[in-house]
Amino acid sequence: MRRFFQWLFMTWPGRGLLALALTLTQYRVFASRTVRMMRFDLFRLRARAATGGRVLIPAHSKLHLGCGSKNPAGWVNADVVDAPVLVDLLAPLPWPDASFQAVVSEHVVEHLELRSELLSLLREIRRVCREGAEVWLSCPSLAAACRAYDEDRAAALLAQRKAKSDRWSSISWIDEMPTQQWINEMFHQAGDHRNLFDFDLLAWALGKAGFGQVVEHPESAIGERFEDFPARRDQLGCITVCAIAV
Ligand SMILES: C[S@@+](CC[C@H](N)C(=O)[O-])C[C@H]1O[C@@H](n2cnc3c(N)ncnc32)[C@H](O)[C@@H]1O
């Protein structure tokens with residue numbers, strides 16, 4: 001029975017049934033955040049079904065994981081939905097061992113549970129990396145969040161973020177709120193964030209997965225290293241590291 005349902009939900013009629021059940025029940029039973037998470041799980045299911053357990057031979061030696069809407073040329077751009085390659089980061093990665101010379105994943109690690117999800121993903125990233133490959137990760141900074149709260153309830157950080165060049169320069173909803181709400185936003189982002197990281201925590205997780213020589217950089221270092229890579233403009237309150245597959 002279990003195998004039947006596993007098979008069924010990998011087919012489009014099965015996923016359609018799940019989507020229908022979700023639509024019918026959301027108004028009476030589930031909170032909107034539960035529905036959002038279930039929708040995301042449906043995307044994950046669809047991404048796994050798209051690969052269907054096949055091994056994908058990558059067209060490039062650079063991997064962009066959790067690419068969102070950014071699809072730089074010369075990279076394998078992968079995300080759970082609306083991406084050239086659909087992938088569920090909570091499942092084994094679909095590429096062969098030692099496929100990539102570089103991996104970039106910006107603002108993705110904070111979306112995964114450290115123990116139950118992220119460590120497995122980092123091990124998978126290590127598996128698909130060649131020895132000596134570099135992995136670049138960025139995310140909101142635990143240290144910056146704590147510092148900003150302690151210093152002035154994030155007032156200065158928020159004021160800096162409002163500067164023209166920043167990713168968040170146009171947000172306005174926060175203007176009506178006490179500035180410390182920005183710290184909650186960094187930690188939780190409406191329930192999407194699971195962990196923030198400081199350098200030591202990120203270096204520890206990378207070390208567990210077989211990466212070493214972890215170095216912190218400004219976000220701009222990604223663009224300097226890979227000229228074709230679009231800037232995220234998200235340096236303030238965030239951390240960027242590079243590690244080497246050892
Ligand atoms: C904050 S966005 C960052 C997008 C992009 N890297 C950027 O810098 O604009 C986080 C991304 O992680 C992806 N993501 C989160 N969990 C995922 C999962 N289990 N499988 C695949 N992608 C996932 C989301 O779909 C989303 O595109």
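Nothing here was measured: the structure is a model prediction, and the numbers come from that model. Numbering of ligands and ligand atoms starts at 1, following listing order.
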Answer side chain, backbone, both or neither: which part of [X] comes under 4.0 Å from ligand 1, heavy atoms only.
{"X": "Cys67", "value": "backbone"}
{"X": "Asp234", "value": "neither"}
{"X": "Glu106", "value": "both"}

Seminar exercise, completed: Closest heavy-atom approach to atom 13 (C) of ligand 1 among Asp79, Val104, Val108 is made by Asp79
Problem set entry | From Arg48, Arg232, Arg167 - option closest to atom 7 (C) of ligand 1 by heavy atom |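 Selected option, by shortest heavy-atom distance: Arg232.
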Solution key, residues 30-37 side-chain donor-acceptor pairs under 3.5 Å, sequence neighbours excluded:
residue	atom	partner	partner atom	Å
Arg36	NH1	Asp192	OD1	3.4
Arg36	NH1	Asp192	OD2	3.4
Arg36	NH2	Ala190	O	2.6

Exercise. So is Phe40 in contact with ligand 1, going by heavy-atom distances below 4.0 Å?
Worked result: yes
Just jot down the ligand 1 atoms closer than 4.0 angstrom to any heavy atom of [X], in number order.
{"X": "Val87", "result": "20 (N), 21 (C)"}
{"X": "His111", "result": "1 (C), 10 (C)"}
{"X": "Lys70", "result": "7 (C), 8 (O), 9 (O)"}

Exercise answer: donor-acceptor pairs, residues 97-104 side-chain atoms, under 3.5 Å, sequence neighbours excluded:
residue	atom	partner	partner atom	Å
Asp97	OD1	Arg127	NH1	2.8
Ser99	OG	Pro96	O	2.6

Problem set entry | Val108 side chain reached by Asp79 side chain, heavy atoms, under 4.5 Å |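 Contact flag for Asp79/Val108 side chains = no.
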Between [X] and [Y], is there a side-chain N and carboxylate O pair less than 4.0 Å apart?
{"X": "Asp228", "Y": "Lys62", "value": "yes"}
{"X": "Asp150", "Y": "Arg147", "value": "no"}
{"X": "Glu117", "Y": "Arg194", "value": "no"}

What protein heavy atom lies closest to [atom]? Include the residue and the distance to one decimal.
{"atom": "atom 19 (N) of ligand 1", "value": "Asp88 OD1, 3.3 Å"}
{"atom": "atom 2 (S) of ligand 1", "value": "His107 O, 3.8 Å"}
{"atom": "atom 4 (C) of ligand 1", "value": "Gly66 O, 3.4 Å"}
{"atom": "atom 20 (N) of ligand 1", "value": "Leu89 N, 2.9 Å"}

For this session: Establish, for the pair Arg39 and Phe43, whether the NZ or CZ atom is under 6.0 angstrom from the six-membered ring centre and no further than 45 degrees off its axis.
Result: no
For this session: Hey, could you give me the CD/CD1 distance between Gln180 and Ile174, rounded to the nearest 0.5 Å?
Result: 9.0 Å
For this session: Determine, stepwise, if the pair Lys70 / Glu106 fulfils salt bridge (charged side-chain N to carboxylate O under 4.0 Å, His left out).
Result: CA-CA 11 Å; Lys70 292 189 297 189; Glu106 293 182 298; 2.7 Å; yes
